[in-house]
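Accompanying notes for the structure given below.
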Amino acid sequence: MTEIRRLGILTGGGDAPGLNAVIRAAVRAAERLGVETLGIFDGFEGLLERRFRPFSSATVRDLLAKGGTVLGTSNRCNPFSFPLPDGTRIDRSVEVLDHAAEAGLDALLVIGGDGSLQIARLLADKGLRLIGVPKTIDNDLAATDYTFGFWTAIEVATYALDRLRDTAESHHRVMILEVMGRDAGWIALHAGLAGGADVILIPEIPYRIETVEAQVEERAARGQAYSIVVVAEGAKPVGGVPAVKVADAGDGHPRLGGAGDRLAAELAPRIEHEIRVTVLGHLQRGGSPVPYDRILATRFGQRAAELAAQGRFGRMVCLRGSQVADVPLAEAVAVQKLVDPAGELVTAARGIGVGFGD
Ligand code: F6P
């Protein structure tokens, strides 16, 4: 068994409820395994700028229920393509390796989404001993059945729908709720089901505005003078593209946004109802994690520390069915998990009359 004495921990990419619970579990488990932990602040930037602090079970006290990440995070710092003020980019990955060695790190735990885990895999190829923990509210990593943070986001979106229903009914309006999820419709689909949406628009099932119109009118004809529509930020009309706010958000990906307003503008000339749009935004990302996410995060953190202590580097923890397992990092970041338009969840929703606008 490889002896490790010091484990670095960083969080990268967008935050997700449960990050602090992973940090707490990893630090506590490592301590019990005789491994010291070093908190690295603000993702990979902390390694470049040497922003470190020793962590212990005392440091992570009371973190279980706290949202965000006490380590800070960044989705703008890729050490392989580091942005300079003049707009050019340089490779600073060697500095990451040097600073990790200088800090006496025997291994590094990266808690991140696909972007941070891609960087982790490249650093592993360069010799850094790494363990990955998947994180995203979008739940779109194929290697794991669930990521922590997802169910907290669903809860926030579901309660938003419950509230929108009351006011929609009073005013006989069409209420559109735009939720996050990037290219995947998991949040929209789950929240739509839990919140009793009438129409759910997801990126995996491009919509036709005339079908959405018909779905709203059909309800009106049945005496339901209001409708609740959940639209994923990545939803798009047939032959169209997702609504984009910023072409490159600094991490090489577009920042999505505007799907709700676009839908409202398309729908308004076609129906008599008033339409209102609510964009849930980062409310889905903050706040205390729900119990499921706290438990999953704790299991992931404990297993990650154990893998590090066992010298099983280059792996990412994951959930397979009801069991925590681990997979090679390279496999973990390769495939995105999208909603299957013919899958059971969509079929169940259609089976009770939910429209998908197709
Ligand atoms: O990947 C998580 C996520 O919240 C997406 O659902 C969303 O598109 C994106 O991050 C928002 O990123 P930012 O916090 O940079 O605006």
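In each ligand, atom 1 is the first atom listed, and ligand 1 is the first ligand listed.
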When you look at NZ of K66, are more than 12 heavy atoms from neighbouring residues, nucleotides or ligands closer to it than 6.0 Å?
-> no
Going by distance alone, is a donor N or O of one side chain under 3.5 Å from an acceptor N or O of the other, for K126 and S93?
-> yes
Nearest-contact summary for atom 9 (C) of ligand 1 - protein heavy atom, Å | R182 NH2, 3.8 Å
N75 and ligand 1 - part of the residue with a heavy-atom distance under 4.0 Å | side chain
Distance from atom 6 (O) of ligand 1 to nearest protein heavy atom, with residue and atom = D138 OD1, 2.7 Å
Where does the angle between the aromatic ring planes of W151 and Y146 fall among parallel (under 30°), tilted (30 to 60°) and perpendicular (over 60°)?
-> tilted
Regarding T59 and S56, is there a side-chain donor-to-acceptor distance under 3.5 Å anywhere?
-> yes
With only distance considered, is G181 within less than 3.5 Å of ligand 1 through an N or O on each side?
-> yes
Are any side-chain N or O atoms of H171 and backbone N or O atoms of T167, one a donor and one an acceptor, separated by less than 3.5 Å?
-> no
Going by the 4.0 angstrom heavy-atom rule, the piece of H282 near ligand 1 is side chain
Look at atom 4 (O) of ligand 1 and say which protein heavy atom is nearest, naming residue and atom and giving the distance to 0.1 Å.
-> R285 NH1, 2.8 Å
Using 30° and 60° as the class limits, which term best fits the ring planes of W186 and H190: parallel, tilted or perpendicular?
-> tilted
Ranked by distance from atom 7 (C) of ligand 1, the top protein heavy atom is E233 OE2, 3.3 Å
